[in-house]
Amino acid sequence: MKKRLLSGILGLTMAVGLLTGCGGSKTASWTVTCPWAPSGVAAMVSQKAAAMSTNYSENIILVADAIKGDAATVNTWVADTKANDTELVFAGEGLFSITSILDPAKLQFTYDDFVFVENLYSSVFVMSADASLNIKNINDLDAYASGADEISVAANGATGSEAFLAAALFGSMGYGDKLKITPYSSAAEAAQAVARGETNFAVSHQSQILETYQQGGVTIVCAFDGEDIAEGDFAGVEGVGKYGYPYFRNRCFILARSGTKAETVAELKKLYDDILADSEMASWLSDTMMLEVDTMSEADVQEHIQNVQNIVNEYYDIVVG
């Protein structure tokens, strides 16, 4: 009897030990849901961050969960989670700035249902062109567009970020009436359409068009940013902001449920900031994914959301028709 009692006590002690870290804190696994494109950019970065989380915290383990979903997935997440649940979710301008204007009935939540933890990265979209057109900069683009009857641009979906960037560029150049958005079912497919001759142009993440560019199938016309691209294969590509044209970067916010303790949010933010400050992570983001570390404040988030909303409102008719 004493042996069985001692064995039980030892087993309980070991179990408790597995749940505790330095200083007696319990180790918690936080599930990080990416509600779109399981093999997409955001999901891959989330997986990388999760794998590195144990290097920087004895109290928090990040577990990446990527599923094919949309606004309905986030609706469900909001409905099923409560303050201080060990759950995080991705959202960005696609929901807060585009869907909220185009189809607000899809959103059974507002930004107030979340508390901001950190922005995982930012991606500068680029516009590629059919190589046969020999368009390599904004001036070339202007000359082509002025003489074209129709300007076809491949995009991930008919009303996504890429579609609105194309509309904002050609609309502000004065060619919005010529623009035809050709939607594809994925960002990668849209990025390749231009090389297949299906469209004149495509808007995509840099990484999604890199191989086609290296093979000579496309030229890179411009970057949707304020300055020229400084590094990598696309170094020197012009930023549309130099010409006064509107733009925004793609960002993915990591969010907890509203009401989660401030000290918990601070601990999560520190963990992500430590991971993003790691030279291995920074190099992987830059060299492999062609992304940038881009930590943000709450004010930065609100400014980003508002900027994209302004663009959506201004170029709504070009995209939606």
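Counting heavy atoms from C-beta on, the side chains of Leu120 and Leu291 never come closer than 4.5 Å. Counting only heavy atoms from C-beta outward, the side chains of Asn119 and Phe253 approach each other to under 4.5 Å. Met127 is listed as a side-chain neighbour of Phe170, based on a closest heavy-atom distance under 4.5 Å. Taking the side chain as every heavy atom from C-beta outward, Tyr272 and Thr295 never approach each other to under 4.5 Å. Within the 4.5 Å cutoff, no side-chain heavy atoms of Asp112 are placed close to those of Ser258. At least one side-chain heavy atom of Phe90 sits under 4.5 Å from a side-chain heavy atom of Ile254. Side-chain atoms of Asn250 and Val41, non-hydrogen and from C-beta on, never get closer than 4.5 Å to each other. By the 4.5 Å heavy-atom criterion applied to side chains, Arg249 and Phe224 are not counted as neighbours.
For the atom pair CG of Asp278 and CG of Asn55, the computed distance is 7.0 Å after rounding to the nearest 0.5 Å. Within the model, atoms CG of Asn139 and CG of Asp142 stand 7.0 Å from one another, a figure rounded to the nearest 0.5 Å. The OG atom of Ser128 sits 8.0 Å away from atom CZ of Phe234, with the distance rounded to the nearest 0.5 Å. Remark: Thr260 OG1 to Asp85 CG distance equals 7.5 Å, nearest 0.5 Å. Of the inter-residue distances, the one linking Leu271 atom CG with Ser57 atom OG reads 5.5 Å to the nearest 0.5 angstrom. To the nearest 0.5 Å, atoms CD1 (Ile60) and OG1 (Thr264) are separated by 7.5 Å.
Using a 4.0 Å cut-off between a side-chain N of Lys or Arg and a carboxylate O of Asp or Glu, Arg196 and Glu198 qualify as a salt bridge. Comment: Lys48 engages Glu280 in a salt bridge, judged by a side-chain N to carboxylate O separation of less than 4.0 angstrom.
Crowding of Lys242 atom NZ: a count of heavy atoms from other residues, nucleotides or ligands under 6.0 Å exceeding 12. Counting non-hydrogen atoms of other residues, nucleotides and ligands closer than 6.0 Å to CE of Met290 gives a total above 12. Around NZ of Lys269, the count of heavy atoms belonging to other residues, nucleotides or ligands within 6.0 Å exceeds 12. With a 6.0 Å radius and a threshold of 12 heavy atoms from other residues, nucleotides or ligands, Gln302 has its CD atom above the threshold.
When all heavy atoms of Gln208 and Ala188 are compared, the pair lying nearest together is NE2-N, 4.1 Å. Minimum heavy-atom separation, Ala166 to Val153: CB-CG1, 3.9 Å. When all heavy atoms are compared, the tightest approach of Ala71 to Leu107 is CB-CD2, 3.6 Å. Between Thr199 and Ala154, the shortest heavy-atom distance links the atoms OG1-CB, 3.7 Å. Here the closest non-hydrogen pair linking Ala190 and Asn156 is CB-N, 3.9 Å. The two residues Asn75 and Lys106 come nearest to each other via the heavy atoms ND2-O, 2.7 Å.
For the residue pair Ser152 / Asn200, a side-chain donor-acceptor distance below 3.5 Å is found, with atom types taken as modelled. A donor atom on one side chain and an acceptor atom on the other are found under 3.5 Å apart for Gln306 and Asn310.
Each of Leu88 and Val78 belongs to its own hydrophobic cluster when Ile, Leu, Val, Met, Phe, Trp and Tyr are linked at side-chain heavy-atom distances under 4.5 angstrom. When hydrophobic clusters are built by joining Ile, Leu, Val, Met, Phe, Trp and Tyr residues whose side-chain heavy atoms come closer than 4.5 Å, directly or via intermediates, Ile318 is grouped together with Val320. Under the 4.5 Å side-chain contact rule for hydrophobic residues, Ile305 and Phe109 share a cluster. Taken together through direct or relayed side-chain contacts under 4.5 Å among Ile, Leu, Val, Met, Phe, Trp and Tyr, Val45 and Leu276 form part of one hydrophobic cluster. The cluster map of Ile, Leu, Val, Met, Phe, Trp and Tyr, joined by side-chain heavy atoms under 4.5 Å apart, puts Leu179 and Ile311 in the same cluster.
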>> side-chain contact (heavy atoms from CB on, under 4.5 Å) for Leu169 and Cys222? Distances and angles first, verdict last.
In response: CA-CA 10 Å; Leu169 177 59; Cys222 59; 3.9 Å; yes
> Can you list the steps and then say if Ser161 with Ile98 is a side-chain contact (heavy atoms from CB on, under 4.5 Å)?
Replying inline: CA-CA 8 Å; Ser161 296; Ile98 300 178; 3.8 Å; yes
> Does the pair Met281 and Asp274 meet the rule for a side-chain contact (heavy atoms from CB on, under 4.5 Å), with working shown?
Replying inline: CA-CA 10 Å; Met281 184 65 164; Asp274 287 345; over 6 Å; no
>> Could you go through Tyr184 and Gln192, starting from their C-alpha distance and side-chain angles, then the distance that decides it, and tell me whether this counts as side-chain hydrogen bond (donor to acceptor under 3.5 Å, both in side chains)?
In response: CA-CA 10 Å; Tyr184 287 82; Gln192 300 307 314; over 6 Å; no
> After noting the C-alpha distance and the side-chain angles of Ile275 and Leu62, does the key distance pass the side-chain contact (heavy atoms from CB on, under 4.5 Å) rule?
Replying inline: CA-CA 11 Å; Ile275 292 169; Leu62 301 176; 4.2 Å; yes
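The only member of Ile151, Val221, Leu133 that meets side-chain contact (heavy atoms from CB on, under 4.5 Å) when paired with Leu141 is Val221. When the options Tyr175, Tyr144, Phe125 are evaluated for a ring pair (Phe, Tyr, Trp, His ring centres under 6.0 Å) with Phe201, the one that passes is Tyr144. Evaluated for a side-chain contact (heavy atoms from CB on, under 4.5 Å) with Tyr213, the options Thr219, Val126, Val218 yield exactly one hit, Val218.
Taking the six-membered ring where the residue is Trp, Phe114 and Tyr111 present tilted rings, their angle falling between 30° and 60°. Ring-plane geometry between Phe248 and His304 is classed as perpendicular, the angle between the planes exceeding 60 degrees on a 0 to 90 degree scale with a lower cut at 30.
Remark: side-chain polar atoms of Ser46 are not paired, donor with acceptor, to backbone N or O of Ala43 under 3.5 angstrom. A donor-acceptor pair under 3.5 Å links the side-chain atoms of Ser100 to the main chain of Phe96, judged by distance alone. In terms of modelled atom types and a separation under 3.5 Å, the side chain of Ser286 and the main chain of Ala282 share no donor-acceptor contact. Of the possible donor and acceptor atoms, none in the side chain of Asp273 sits under 3.5 Å from a partner among the backbone N and O of Lys270. No donor-acceptor distance shorter than 3.5 angstrom exists from the side chain of Asp294 to the backbone of Tyr121, with no hydrogens or angles considered. Judged by distance alone, the side chain of Thr31 and the main-chain N or O of Thr86 form no donor-acceptor pair under 3.5 Å. No donor-acceptor distance shorter than 3.5 angstrom exists from the side chain of Thr33 to the backbone of Asp65, with no hydrogens or angles considered. One N or O on the side chain of Asn313 and one on the backbone of Gln309 form a donor-acceptor pair closer than 3.5 Å.
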